[in-house]
**Q** 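What follows is a structure written as structure tokens; I'll ask about it next.
Remember, predicted model here, so these are calculated numbers, not experimental data.
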Amino acid sequence: MRKDPRTPRSLPFLRQDFAASLVVFLVALPLCIGVAVASGVPAELGLITGIVGGIVTGLMRGSSLQVSGPAAGLTVLVFEAVRAFGLAALGVIVLAAGLLQIAMGLLRWGRWFRAISLSVVEGMLAGIGLVIIAGQLYAAAGVPAPDSGLDKLTGLPGALVEALGDREALVSLAVGAGTILLIVGWRRMPRRARAVPGALVAVLLAALATAVLDLPVATVRVGGVLEAVHLPGTEALSSLADPALIGTILAFALIASAESLFSAAAVDRLHSGPRTEYDRELVAQGVGNTLCGLLGALPLTAVIVRSSANVEAGARTKASRVLHGVWLLLFVVLLPTVLAYIPLAALAGILVHAGWKLIPFKGVVTLWGRHRGEALVLVATAASIVAVGMFEGVLIGLVLSVGKAAWEASHLRIEQTDDGREAVRVRLQGTVTFLRLPQILDSLEALPGDRRVVLDLSGVHHLDHACRSALETWAERHSGADAEAVRAATDPERDEEASAARVSSPG
């Protein structure tokens with residue numbers, strides 16, 4: 001029987017997805033190791049999380065081209081959790097956070113994460129980026145870093161002076177600086193060369209230089225993958241009664257979910273394929289984190305760096321991200337001893353570069369020019385994370401964001417423009433309720449009675465019945481015999497088409 005040529009193949013884009021999976025694997029490999037080392041856990045745990053993110057989360061429905069794995073955005077939170085509760089408790093925290101994500105997805109709360117202020121999320125990432133950069137500069141020099149983010153920043157000048165007098169520290173710094181320069185400069189290479197990620201090339205060259213020149217730098221400590229796995233024990237599970245641990249679990253779940261769903265929205269803008277189903281994606285992230293928690297590994301989130309590499313490499317279906325997880329698994333099984341040749345300073349350089357990219361410098365400048373309040377929320381969130389901590393910093397950002405929204409919802413601005421020739425323009429911005437009616441009427445009644453008026457309502461969020469009736473009465477009284485004396489404009493670009501006789505709700 002002849003096969004119908006219109007029948008779709010089971011894997012119609014296998015060639016494109018296979019090629020993309022290799023690119024994502026090469027991007028993910030150094031990041032999985034670097035994030036684990038920066039988090040204060042064995043490097044193998046980062047690879048395990050990458051495998052789970054690729055194979056398990058990758059197989060589930062939600063976002064077709066988004067790639068999950070250990071993320072630099074959670075490095076600070078993981079480091080603080082391990083320092084406070086111990087490595088054994090990490091699995092319990094990630095497990096509980098994963099179950100919470102599944103519950104939120106099943107309750108269809110995924111869409112509500114899109115309501116979180118973008119300034120808070122960007123401020124969170126900026127704060128994390130600053131702490132990562134500060135902490136990894138110590139790691140690049142091979143010296144211990146202070147515990148708090150603020151101490152990391154303020155202690156950098158002293159650490160630099162100390163490193164300048166130590167030959168081994170200078171060599172280690174040179175390896176880290178060389179890694180950063182190579183990653184940044186790799187963008188200028190020919191397109192074919194850029195098919196191999198700059199971070200991977202930098203790590204390979206750093207490892208080669210360390211081995212050939214016998215450089216006095218620390219390298220990754222290698223253990224067996226099975227030895228790195230810590231299944232949650234009875235003692236660790238009993239720690240769930242600790243209120244401090246509950247707060248950490250909530251922070252893991254909320255921050256990982258917000259980062260994943262914001263990443264999904266960003267990835268959707270990069271391709272024309274199926275859109276993300278946010279609730280299903282939240283469940284997929286939860287299942288991945290639940291398994292990572294059972295294995296005692298790092299938490300996973302969707303990662304924009306790997307996801308954008310996946311799209312740019314031509315991926316068409318979820319097969320690319322699943323295959324990237326398979327390549328990571330094969331690497332762990334066949335080549336685990338290769339990790340022992342990787343200098344820690346090179347991984348520090350990769351994370352300094354990743355931390356720098358988390359800071360939205362252009363975004364802050366743009367916000368300052370257009371939405372100064374949002375820019376202040378972003379900066380305050382970042383500063384709070386550095387000064388106080390991750391969980392507290394995010395809470396401060398959310399409170400500021402809600403406070404800003406409440407202020408804007410209740411605040412009313414009245415602007416009057418009069419060039420002496422055309423109609424007087426009165427612009428209302430904010431929420432117009434009966435509480436502001438005396439202020440509005442005082443401003444309108446003070447206008448010259450013989451001048452035409454354009455009442456611009458384009459900036460009004462809400463106009464209640466009392467104010468609408470009062471404005472209609474004022475307009476009729478001001479117009480008198482001239483029906484065109486008062487015009488209500490809800491679109492400043494189309495004033496000439498606005499209705500002339502009546503003031504109505506802008507909604």
Side-chain angles (χ1 to χ4, degrees), residues 11-13 16-17 19-21 23-25 27-28 31 50 52-74 101-102 104-126 128 197 253-289 299-325 354 357-358 360 362-363 366-367 371 374 378:
L11 292 173
F13 304 109
Q16 296 95 320
D17 290 333
S21 72
V23 173
V24 178
F25 162 69
V27 171
L31 287 174
V52 172
I55 298 177
V56 178
T57 304
L59 281 171
M60 300 188 69
R61 295 178 62 182
S63 176
S64 59
L65 299 182
Q66 182 164 255
V67 183
S68 299
L74 289 179
Q101 285 182 301
I102 293 174
M104 290 190 294
L106 293 177
L107 291 171
R108 303 181 66 82
W109 287 5
R111 70 191 68 181
W112 290 104
F113 279 90
R114 302 171 69 184
I116 297 177
S117 169
L118 183 60
S119 296
V120 175
V121 176
E122 291 186 337
M124 176 192 74
L125 295 177
I128 292 170
L254 295 176
I255 293 173
S257 300
E259 188 170 344
S260 294
L261 297 183
F262 270 93
S263 173
V267 173
D268 280 350
R269 291 195 291 267
L270 299 178
H271 66 90
S272 57
R275 305 291 91 180
T276 297
E277 300 176 60
Y278 286 90
D279 295 317
R280 292 183 183 274
E281 178 64 17
L282 192 54
V283 171
Q285 295 293 323
V287 170
N289 274 318
L300 63 80
T301 71
V303 188
I304 189 62
V305 175
R306 271 160 265 189
S307 302
S308 59
N310 189 39
V311 175
E312 291 171 4
R316 305 292 292 276
T317 71
K318 66 174 67 174
S320 61
R321 62 187 189 183
V322 175
L323 284 174
H324 119 273
K357 293 178 70 175
L358 289 175
K362 293 182 179 179
T366 302
L367 280 178
H371 307 284
E374 294 289 342
L378 190 157

**Q** Using 0.5 Å steps for rounding, measure from the CG atom of Leu106 to the CD atom of Gln101.
**A**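 With rounding to 0.5 Å, CG (Leu106) is 11.5 Å from CD (Gln101).
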
**Q** Any chance you could measure Glu122, atom CD, to Leu125, atom CG, to the nearest 0.5 Å?
**A**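 If I round to the nearest 0.5 Å, the distance is 7.5 Å.
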
**Q** Where do Gly288 and Thr57 come nearest, in terms of heavy atoms and distance?
**A**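 Looking at all heavy atoms of both residues, the closest pair is CA-OG1, 3.5 Å.
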
**Q** Would you please name every residue forming a side chain to side chain contact (heavy atoms under 4.5 Å, CB included) with Gln16, sequence neighbours left out?
**A**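 Gln16 satisfies side chain to side chain contact (heavy atoms under 4.5 Å, CB included) with Phe13, Arg316 once adjacent residues are dropped.
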
**Q** Can you sort out the partners of Glu374 under salt bridge (charged side-chain N to carboxylate O under 4.0 Å, His left out), two or more places apart, ordered by chain and number?
**A**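 Glu374 satisfies salt bridge (charged side-chain N to carboxylate O under 4.0 Å, His left out) with Lys404 only.
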
**Q** Search all heavy atoms of Arg306 against all heavy atoms of Gly69 and return the closest pair with its distance.
**A**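 Minimum heavy-atom separation between Arg306 and Gly69: NH1-CA, 3.7 Å.
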
**Q** So, the side chain of Asp279 versus the backbone of Gly110: is there a donor-acceptor pair under 3.5 Å, distance only?
**A**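 Yes; judged by distance alone, with no hydrogens or angles, the pair exists.
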
**Q** Taking the side chain as everything from C-beta on, heavy atoms only, tell me whether Leu74 gets closer than 4.5 Å to Ile255.
**A**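 The answer is yes; the side chains approach within 4.5 Å.
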
**Q** Name all pairs fulfilling the salt bridge (charged side-chain N to carboxylate O under 4.0 Å, His left out) condition that reach into residues 254-267, sequence neighbours left out, sorted by first residue then second.
**A**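 Those involving residues 254-267 do not exist here.
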
**Q** State, to 0.1 Å, how close Ser63 and Gln66 come at their nearest heavy-atom pair, and which atoms those are.
**A**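 Residues Ser63 and Gln66, closest heavy atoms: OG-CB, 3.2 Å.
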
**Q** How long is the span from the CE atom in Met60 to the OG atom in Ser68, to the nearest 0.5 Å?
**A**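 Atom-to-atom, Met60:CE and Ser68:OG are 11.0 Å apart.
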
**Q** Do Ser320 and Val23 make a side-chain contact, defined as non-hydrogen atoms from C-beta onward lying under 4.5 Å apart?
**A**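 Counting from C-beta outward, Ser320 and Val23 never come under 4.5 Å.
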
**Q** Would you find a donor on one side and an acceptor on the other, under 3.5 Å apart, between the side chain of Asp268 and the backbone of Thr276?
**A**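 A pair under 3.5 Å: yes.
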
**Q** Of all the heavy-atom pairs spanning Arg280 and Glu277, show the shortest one and how long it is.
**A**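 That would be NE-OE1, 2.8 Å.
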
**Q** Donor-acceptor check, side chain of Lys318 to backbone of Ser64, threshold 3.5 angstrom: yes or no?
**A**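 No, Lys318 side chain to Ser64 backbone: no donor-acceptor pair under 3.5 Å.
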
**Q** Has the side chain of Ser260 got a donor or acceptor atom that lies under 3.5 Å from a matching backbone atom of Ala302?
**A**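 Answer holds: yes.
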
**Q** Is any side-chain heavy atom of Leu367 closer than 4.5 Å to a side-chain heavy atom of Ser119?
**A**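 Of all side-chain heavy-atom pairs linking Ser119 with Leu367, at least one is under 4.5 Å.
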
**Q** Is there side-chain contact between His324 and Val67, with at least one heavy-atom pair below 4.5 Å?
**A**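 Yes, side chains in contact.
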
**Q** Can you measure from CG (Leu282) to CZ (Arg108) and round to the nearest 0.5 angstrom?
**A**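 The CZ atom of Arg108 is 11.5 Å from CG of Leu282, to the nearest 0.5 Å.
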
**Q** I'd like to know whether Val267 forms a side-chain contact (heavy atoms from CB on, under 4.5 Å) with Val311, so could you lay out the CA-CA distance, the side-chain angles of the two residues, the decisive distance to 0.1 Å, and finally the verdict.
**A** CA-CA 8 Å; Val267 173; Val311 175; 4.1 Å; yes

**Q** Does the side chain of Arg321 come within less than 4.5 Å of Val24's, by heavy atoms?
**A**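 Answer no - side chains too far apart.
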
**Q** Is there side-chain contact between Leu261 and Glu281, with heavy atoms separated by less than 4.5 Å?
**A**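 Yes. Closest side-chain heavy atoms under 4.5 Å.
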
**Q** Could you report the tightest heavy-atom contact between Pro70 and Gly50, atom names first, then the distance?
**A**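 Where Pro70 meets Gly50 most closely, the heavy atoms are CD-N, 3.7 Å.
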
**Q** Give a yes or no on whether the backbone of Leu300 and the side-chain of Asn289 come within a donor-acceptor separation of less than 3.5 Å.
**A**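 Yes; judged by distance alone, with no hydrogens or angles, the pair exists.
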
**Q** Hey, are the side chains of Gln285 and Ser257 touching, using non-hydrogen atoms and a 4.5 Å cut-off?
**A**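 No, side chains not in contact.
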
**Q** Can a donor-acceptor pair be found, under 3.5 Å and without considering hydrogens, that links the side chain of Thr317 to the backbone of Ala319?
**A**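 Indeed, once roles are kept as given, a pair shorter than 3.5 Å links the two residues.
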
